[in-house]
Amino acid sequence: AALAVLHEQCGLEPAAEIGFSLGAFQTLLLAAAGRVGVPIVALSSTNRYVWGLENGVIGRGLLSAMAEAGVDRARLAAWCDAVQLERYAGRLAGQPVLSIRGSRDWVDPPPSLERLDQALRPTRSVVLSGGHGSILLWRRRILRETADFLAAHGVPVAPPRPPGCLSVT
């Protein structure tokens, strides 16, 4: 909806899509469906939600809450089975994708993310020493990788500003 408003009212088009966690998952899934035609930067994307819920660090509480709401494991598995990202990632062959993830991501634990990388075959894959959210502690590296990737794919990138320096142009 936001992209439609930017296009219709401002004449703006996205130059790239950048998503973190569920946002990365959704961006990659939409791209596999042909809905995203710009370079993609996926930070800490997930792949298999049921695998993550059953084997990851946040799953136990979520599974309990879902059971209390009347969603049993069989129903949850059926819902999530249709959106295992690795099934659709091959459709992104040739589309510029930068994948950045943590080597110790226990939200969607091994081997799920390795399977996603194999299916996705991103243009560039960066594995940082960290977890799902703690990779953001590598923000300078992430910004450098992102800027280099976008510039290599024709997306103009402003030079980084010194810490504490804000500018609105």
Taking side-chain hydrogen bond (donor to acceptor under 3.5 Å, both in side chains) as the definition, give me every residue that meets it alongside [X], ordered by chain and number, with sequence neighbours left out.
X      : result
Glu13  : His7
Asp81  : Gln84, Arg87
Ser134 : none

Closest heavy-atom contact between [X] and [Y]?
X      : Y      : value
Pro109 : Gly52  : CD-CA, 3.9 Å
Leu92  : Ala32  : CD2-N, 3.5 Å
Ala77  : Val50  : CA-CG2, 3.8 Å
Ser129 : Ser103 : CA-OG, 3.6 Å
Phe149 : Val41  : CD2-CG2, 4.0 Å

Leu150 side chain near Leu98 side chain, heavy-atom distance below 4.5 Å: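 No, too far: nothing below the 4.5 Å cut-off.
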Side chain proximity check, Glu114 to Arg101, heavy atoms < 4.5 angstrom: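 In contact.
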Could you see if [X] belongs to whatever hydrophobic cluster contains [Y]? Use Ile, Leu, Val, Met, Phe, Trp, Tyr and a side-chain cutoff under 4.5 Å.
X      : Y      : answer
Ile100 : Leu143 : no
Met66  : Val57  : yes
Ile40  : Val83  : yes
Leu63  : Val107 : yes

Any side chain to side chain donor-acceptor pair (under 3.5 Å) pairs touching [range], not counting sequence neighbours?
range            : answer
residues 118-128 : Asp117-Ser125, Arg124-Glu145
residues 53-78   : none
residues 29-47   : Thr46-Tyr49, Asn47-Glu86, Asn47-Ser112

When rounded to the nearest 0.5 angstrom, what distance separates [atom1] in [X] from [atom2] in [Y]?
X      : Y      : atom1 : atom2 : result
Leu30  : Phe25  : CG    : CZ    : 10.0 Å
Asp108 : Leu116 : CG    : CG    : 8.5 Å
Leu120 : Leu113 : CG    : CG    : 11.0 Å
Leu128 : Ile135 : CG    : CD1   : 6.0 Å
Arg141 : Leu136 : CZ    : CG    : 14.0 Å
Leu43  : Trp138 : CG    : CH2   : 14.5 Å

By ring-ring contact (aromatic ring centres under 6.0 Å, His included) - contacts of Phe20 (at least two apart):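 Only His132 meet the ring-ring contact (aromatic ring centres under 6.0 Å, His included) criterion with Phe20.
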Pairs touching residues 104-131 that satisfy ring-ring contact (aromatic ring centres under 6.0 Å, His included), sequence neighbours left out: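 Sorted result for residues 104-131: empty, none.
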Summary of ring-ring contact (aromatic ring centres under 6.0 Å, His included) pairs that have at least one residue in residues 74-102, sequence neighbours excluded: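 Residue pairs with at least one partner in residues 74-102: there are none.
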Contacts of Val38 that satisfy side-chain contact (heavy atoms from CB on, under 4.5 Å) - sequence neighbours left out: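 By the side-chain contact (heavy atoms from CB on, under 4.5 Å) rule, Val38 matches Glu17, Val36.
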Sequence-distant partners of Arg104, salt bridge (Lys or Arg N to Asp or Glu O under 4.0 Å), two or more places apart: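 For Arg104 there are no salt bridge (Lys or Arg N to Asp or Glu O under 4.0 Å) partners, ignoring immediate neighbours.
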